[in-house]
> 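First the structure, then my questions, so here it is.
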Amino acid sequence: MARADRADGRVAQAEMTGAQRAGDACLWCQGVHELEPLDPAPGLRSRACKACWTKRFAKVAAYLDWAVHVESCSTCPGWRCADSLPLAEAYIKAHDHALGTDQVTCLRCHQAVRLAEPLVMPYRWSGPVSNAPYYSFLHAGDVCPAVRGSAGEATRRVV
């Protein structure tokens, strides 16, 4: 359980209630039943209820299955290949079950995008300070507004 809050659904401290910061309420739903400790940021005693933990664990597992495929596939950087479709569908289902939405944010352009769009892909990277893993999303190929030049040609930008 130690990495669930880092891998999925970080809650900004400014958005937490006092009970969430103290570990007296679930980090995600603010419920107070069956709370289990998480691996929190320093100074926090974050805990989560079993229902939220289970949903988010399934979401992370589905994300990792999909991301591992995308990272090793020669087709997926430009478009979801046939082999990635069931992995993407499993993630979309787990994401919606955990969060009640089918939208994510592109790491490059910061626009909300629907997971069902075939040009949205998982993107794993290491944090700049702690080297902790971050699980994000990018537009695939050159469709991201952040990598399109003013004349419409694709350009590369460091993420």
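These numbers come from the heavy atoms of this one structure, side chains and all, not from hydrogens, waters or symmetry mates.
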> How far apart are the closest heavy atoms of P145 and C109, and which atoms are they?
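Looks like CD-SG, 3.9 Å.
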> Please examine the side chains of M121 and C76, heavy atoms only from C-beta on, and report whether any two atoms are closer than 4.5 Å.
yes
> Looking at side-chain heavy atoms only, is the closest gap between R47 and E36 below 4.5 Å?
no
> Can you list the residues that meet the side-chain hydrogen bond (donor to acceptor under 3.5 Å, both in side chains) rule with T17, with sequence neighbours excluded?
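Here the qualifying residues are Q20.
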> Can you list the residues that meet the side-chain hydrogen bond (donor to acceptor under 3.5 Å, both in side chains) rule with D24, with sequence neighbours excluded?
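Once residues adjacent in sequence are excluded, D24 has no partner under the side-chain hydrogen bond (donor to acceptor under 3.5 Å, both in side chains) criterion.
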> Got a sec, which residues hit salt bridge (Lys or Arg N to Asp or Glu O under 4.0 Å) with E117, two or more places apart in sequence or on another chain?
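Once residues adjacent in sequence are excluded, E117 has no partner under the salt bridge (Lys or Arg N to Asp or Glu O under 4.0 Å) criterion.
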> Got a sec, which pairs hit side chain to side chain donor-acceptor pair (under 3.5 Å) with one end in residues 65-93, sequence neighbours left out?
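Qualifying pairs, neighbours excluded: K59-Y91, E71-R124, Y91-H95.
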> Tell me every residue that passes salt bridge (Lys or Arg N to Asp or Glu O under 4.0 Å) with D96, counting only those two or more places apart in sequence or in another chain.
none
> With side chain to side chain contact (heavy atoms under 4.5 Å, CB included) as the test, would you mind laying out the steps for L107 and W125 before giving the verdict?
CA-CA 11 Å; L107 182 63; W125 55 287; 3.5 Å; yes
> Less than 4.5 Å apart, side chain to side chain, heavy atoms only: is that true for V70 and Y123?
no
> Between C49 and C26, which heavy-atom pair has the shortest distance, and what is it?
N-SG, 3.4 Å
> Could you please spell out the steps behind the side chain to side chain contact (heavy atoms under 4.5 Å, CB included) verdict for V113 and T105?
CA-CA 6 Å; V113 290; T105 301; over 6 Å; no
> Run the numbers on L99 and R56 for side chain to side chain contact (heavy atoms under 4.5 Å, CB included), then give the verdict.
CA-CA 8 Å; L99 303 179; R56 280 162 174 79; 3.2 Å; yes
